[in-house]
Amino acid sequence: DPLLDFRNVAMQFPNGTVALSGVDLTVKRGEFVTVVGPSGCGKSTLLRIASGLENASEGTATLATKRIGYVFQDATLLPWRTVQSNVELLAELNGQPKKARAAKARAAIDLVGLSGFEQNLPKELSGGMKMRTSLARSFTLDPELFLFDEPFGALDEITRERLGDELLRIFVEQQFAALFITHSVAEAVYLSTRVVVMSGRPGRIVDTFEVPFEHPRD
Ligand code: ADP
Ligand code: ADP
């Protein structure tokens, strides 16, 4: 069963702007679905509806799990907290005991390749490392579904590629479900098992294609 199921979803904001129309979309475990399209076609709106932050004005958006990892373009780290303490934040807000969340955070830090930087402050990190920290934090609640809103958008091309490779490695290993938004077609094709192309105002899905199995990521 899909973890995320959109049926004929439309979104009209109170000011009258229609951001989405007739969107059908499902994401299952083991699927890395990328949504690509120009600025303003409703990608972020789609992701906010997927997360439950926003309600569709038409159709149904069903989320079959509460374990969601949400990663934004802006790494959203607290500047006065170390890497370790930033990664522990969600688990802390969830009431996990100190020892358990510290262990969870260390495993996540290791997963994203940041071991050795636990005690550094965000200002001491490169952009790529800040994003790794943010990524690590999103792993601490064992998400089944990841929602990525242009997570690498603020990074230079080389760092983007490196982080994309890392994310693919983790995906191949863990087989979660992912919905990833980008305006880069190359990034979409490289990362995903399915590419969904959006366009227009209001935004609609104009094309969908599965990425062949014999993909460079193997
Ligand atoms: P994208 O992520 O593809 O750039 P968005 O989902 O951010 O697109 O926006 C889609 C459209 O909806 C845009 O025209 C945007 O101005 C409009 N929009 C987004 N949020 C709101 C809102 N809260 N109220 C009114 N219009 C909005
Ligand atoms: P960038 O640092 O260029 O943004 P990455 O975030 O992909 O690129 O970094 C790759 C790895 O290189 C990091 O996981 C980290 O282990 C190491 N690294 C990055 N910057 C530094 C640094 N300033 N000092 C030591 N190691 C670093």
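All heavy atoms count here, side chains included; hydrogens, waters and symmetry mates do not.
Salt bridge Glu31/Arg194: present, at least one basic N to carboxylate O contact under 4.0 Å. A salt bridge links Glu187 with Arg160: at least one charged nitrogen is closer than 4.0 Å to a carboxylate oxygen. A salt bridge is defined here as a Lys NZ or Arg NE, NH1 or NH2 lying under 4.0 Å from an Asp or Glu carboxylate O, and Arg169 with Glu173 meets this definition. A salt bridge does not link Arg48 to Asp149: none of the charged nitrogens lies less than 4.0 Å from a carboxylate oxygen. A salt bridge between Glu92 and Arg81 is present, with a side-chain N of the basic residue lying under 4.0 Å from a carboxylate O of the acidic one.
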Show the numbers, then the answer: is there a side-chain hydrogen bond (donor to acceptor under 3.5 Å, both in side chains) between Asn15 and Thr17?
CA-CA 6 Å; Asn15 72 355; Thr17 304; 3.0 Å; yes

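Note that CG of Leu168 and OG1 of Thr193 are 10.0 Å apart. Values are rounded to the nearest 0.5 Å. Rounding to the nearest 0.5 angstrom, the gap separating the CG atom in Leu111 from the CG atom in Leu135 is 8.0 Å.
Aromatic ring centroids of Phe139 and Phe146 lie under 6.0 Å apart.
Note: Phe32 and Phe148 have parallel aromatic rings, judged against thresholds of 30 and 60 degrees for the angle between ring planes.
Cluster membership check: Ile205 does not share its hydrophobic cluster with Val195, using side-chain heavy-atom separations under 4.5 Å among Ile, Leu, Val, Met, Phe, Trp and Tyr. Note: the hydrophobic cluster containing Tyr190 also contains Phe176 (ILVMFWY, side chain heavy atoms under 4.5 Å, direct or indirect links).
Within the 4.5 Å cutoff, the side chain of Glu166 has no heavy atoms near those of the Val112 side chain. A heavy-atom distance below 4.5 Å is not found between the side chains of Thr208 and Val197.
The number of heavy atoms from other shown groups lying within 6.0 Å of CD (Gln174) is above 12.
Glu150 places a side-chain N or O within 3.5 Å of a backbone atom of His183 that can act as its donor or acceptor partner. Under the 3.5 Å distance criterion, the side-chain polar atoms of Asn86 are left unmatched by any main-chain donor or acceptor of Leu77. Formation of a donor-acceptor pair under 3.5 Å by the Ser57 side chain with backbone atoms of Gln12 is found in this model.
Results of the side chain to side chain contact (heavy atoms under 4.5 Å, CB included) test with Met198 over Leu46, Val206, Asp207, Ile181 single out Leu46 as the only residue that passes.
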